[in-house]
Amino acid sequence: MAEKTKIVQVVPYDPAWKKEFTRLRDYLLEITGDLIIAAEHVGSTSVEGLSAKPIIDIDLVMESYEVFPEIVQRLSQYGYVHQGDLGIEGREAFRREQEDGFMKYHLYVCPKDGKGYLEHIALRDYMRLNPAAAREYEEVKVKLAKQFRYDIDAYCEGKTEVVHSILRKAGHII
């Protein structure tokens, strides 16, 4: 979904994020459910108690790239534009062209063995099970959001080291 402004804002956890993910997942399953094997809530909004940018990240998981052309075609009928992998192997991004009644979200389609998907799951699951790691990540994000309020690229780049550290702790080698 296109963002109107690029202000980096990290806010306290909101339990409504879980409900919004469920609503969004159900909508996307109506469109692609026969072509995917899972729809996963990933990113910071998927970790209960973790402050985050108020943007839902959702991974639609496919068995293999064989079904990807049909997924692209199906999503395009509902106003989604394929953006490519945006530099992340194993993660195909989609943008919604018009307002759709959901809070801001990032939609990705990933093969079940794709690097982007596996990292999303490893990071999410480790932080759900290790509150200290989630707090460490939160502290970095809050600091970076203040430091780089108008520079999303610098904010994202600043998180890289802590994300890699958590992935290594999770046993997911970078």
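Note that the structure is a prediction, hence the values are computed from the model and not measured.
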Undergrad: Check the side chains of Glu40 and His120 for a donor-acceptor pair under 3.5 angstrom, ignoring hydrogens and angles.
TA: no
Undergrad: Near Gln73 CD, under 6.0 Å, is it more than 12 heavy atoms from other residues, nucleotides or ligands?
TA: yes
Undergrad: Do Tyr155 and Ile88 land in one hydrophobic cluster if side-chain heavy atoms of ILVMFWY residues count as linked below 4.5 Å?
TA: no
Undergrad: Could you check whether atom NZ of Lys18 has more than 12 heavy atoms from other residues, nucleotides or ligands sitting under 6.0 Å from it?
TA: no
Undergrad: Take a 6.0 Å sphere around CD of Glu48 and say whether it holds more than 12 heavy atoms from other residues, nucleotides or ligands.
TA: no
Undergrad: Going from CG on Asp59 to CD on Glu119, what distance comes out if it is rounded to the nearest 0.5 angstrom?
TA: 11.5 Å
Undergrad: Between Phe68 and His82, is a side-chain contact (heavy atoms from CB on, under 4.5 Å) present by the stated rule, with each step listed?
TA: CA-CA 11 Å; Phe68 186 65; His82 180 220; 3.5 Å; yes
Undergrad: So how far is it from Ser46 OG to Ile121 CD1, rounded to the nearest 0.5 Å?
TA: 8.0 Å
Undergrad: Kindly give the heavy-atom pair with the smallest separation between Phe148 and Ala154, and that separation in Å.
TA: CD2-CB, 3.4 Å
Undergrad: For Glu66, I'd like to know if atom CD has over 12 heavy atoms of other residues, nucleotides or ligands within 6.0 Å.
TA: no
Undergrad: How close do Arg25 and Ile58 get, heavy atom to heavy atom, and via which atoms?
TA: CA-CD1, 4.0 Å
Undergrad: Which value, rounded to the nearest 0.5 Å, describes the distance between Leu123 atom CG and His164 atom NE2?
TA: 10.0 Å
Undergrad: Could you grab the distance from atom CD1 of Ile56 to atom NE2 of His106, nearest 0.5 Å is fine?
TA: 10.5 Å
Undergrad: Any idea how Phe102 and Tyr27 line up, ring-wise: parallel (<30°), tilted (30 to 60°), or perpendicular (>60°)?
TA: tilted
Undergrad: Before we go on, tell me: are the rings of Tyr117 and Tyr108 under 6.0 Å apart, centre to centre?
TA: no
Undergrad: Under the side-chain contact (heavy atoms from CB on, under 4.5 Å) criterion, do Tyr150 and Val8 qualify, and how do the steps go?
TA: CA-CA 6 Å; Tyr150 300 101; Val8 179; over 6 Å; no
Undergrad: For the pair Glu63 and Lys112, find out whether any cationic side-chain nitrogen is under 4.0 Å from an anionic carboxylate oxygen.
TA: yes
Undergrad: Given 3.5 Å as the limit, does a donor-acceptor pair link the side chain of Thr32 with the main chain of Leu28, or not?
TA: yes
Undergrad: Run Tyr137 and Lys159 through side-chain contact (heavy atoms from CB on, under 4.5 Å) and show every step you take.
TA: CA-CA 8 Å; Tyr137 187 46; Lys159 296 187 312 176; 3.4 Å; yes
Undergrad: Please check: side-chain N/O of Asp85 versus main-chain N/O of Gly87, any donor-acceptor pairing under 3.5 Å?
TA: yes
Undergrad: Would you name the heavy atoms of Tyr78 and Arg96 that are closest together and state the gap between them?
TA: O-NE, 2.9 Å
Undergrad: Looking at Tyr105 versus His41, is the centre-to-centre ring distance below 6.0 Å?
TA: no
Undergrad: Looking at every non-hydrogen atom in both residues, tell me the closest pair between Leu50 and Arg135 and how far apart they are.
TA: CA-NH2, 3.6 Å
Undergrad: Report yes or no: do Val72 and Val67 belong to one cluster of Ile/Leu/Val/Met/Phe/Trp/Tyr joined by side chain heavy-atom distances under 4.5 Å?
TA: yes
Undergrad: How about Tyr13 and Trp17: are their ring centroids closer than 6.0 Å?
TA: yes
Undergrad: Is it true that Leu118 and Tyr65 fall in one hydrophobic cluster, defined by side-chain heavy atoms closer than 4.5 Å?
TA: no
Undergrad: Would you mind checking if Glu97 and Arg95 are paired as a salt bridge, meaning a charged N to carboxylate O distance below 4.0 Å?
TA: yes
Undergrad: Does Leu75 form a side-chain contact (heavy atoms from CB on, under 4.5 Å) with Leu107? I'd like the steps, not just the answer.
TA: CA-CA 11 Å; Leu75 287 171; Leu107 173 61; 4.3 Å; yes
Undergrad: Which pair of non-hydrogen atoms, one from Lys53 and one from Thr45, has the smallest distance, and what is that distance?
TA: O-CG2, 3.6 Å
Undergrad: What are the two closest non-hydrogen atoms of Ala133 and Ile166, and how far apart are they?
TA: O-CD1, 3.9 Å
Undergrad: Among Val109, Leu60, Ile31, which residue satisfies the side-chain contact (heavy atoms from CB on, under 4.5 Å) criterion with Ile36?
TA: Leu60
Undergrad: So, Lys141 versus Ser51: side-chain donor-acceptor pair below 3.5 Å or not?
TA: no
Undergrad: Going by an N to O cut-off under 4.0 Å, is there a salt bridge joining Glu139 and Lys143?
TA: no
Undergrad: Find out if a path of hydrophobic residues (ILVMFWY) with successive side-chain heavy-atom gaps under 4.5 Å connects Leu129 to Val47.
TA: no
Undergrad: I'd like to check Ile71 versus Glu92 (side-chain heavy atoms, cut-off strictly below 4.5 Å). Are they in contact?
TA: no
Undergrad: Distance check, rounded to the nearest 0.5 Å: Ser44 atom OG versus Met127 atom CE?
TA: 5.0 Å
Undergrad: Could you tell me whether a side-chain N or O of Glu20 sits under 3.5 Å from a main-chain N or O of Met103, the two making a donor and an acceptor?
TA: yes
Undergrad: Are Leu24 and Leu29 connected in a single hydrophobic cluster, I mean Ile/Leu/Val/Met/Phe/Trp/Tyr linked by side-chain heavy atoms less than 4.5 Å apart?
TA: yes
Undergrad: Can you tell me how far OH of Tyr80 sits from CZ of Phe94, rounded to the nearest 0.5 angstrom?
TA: 10.5 Å
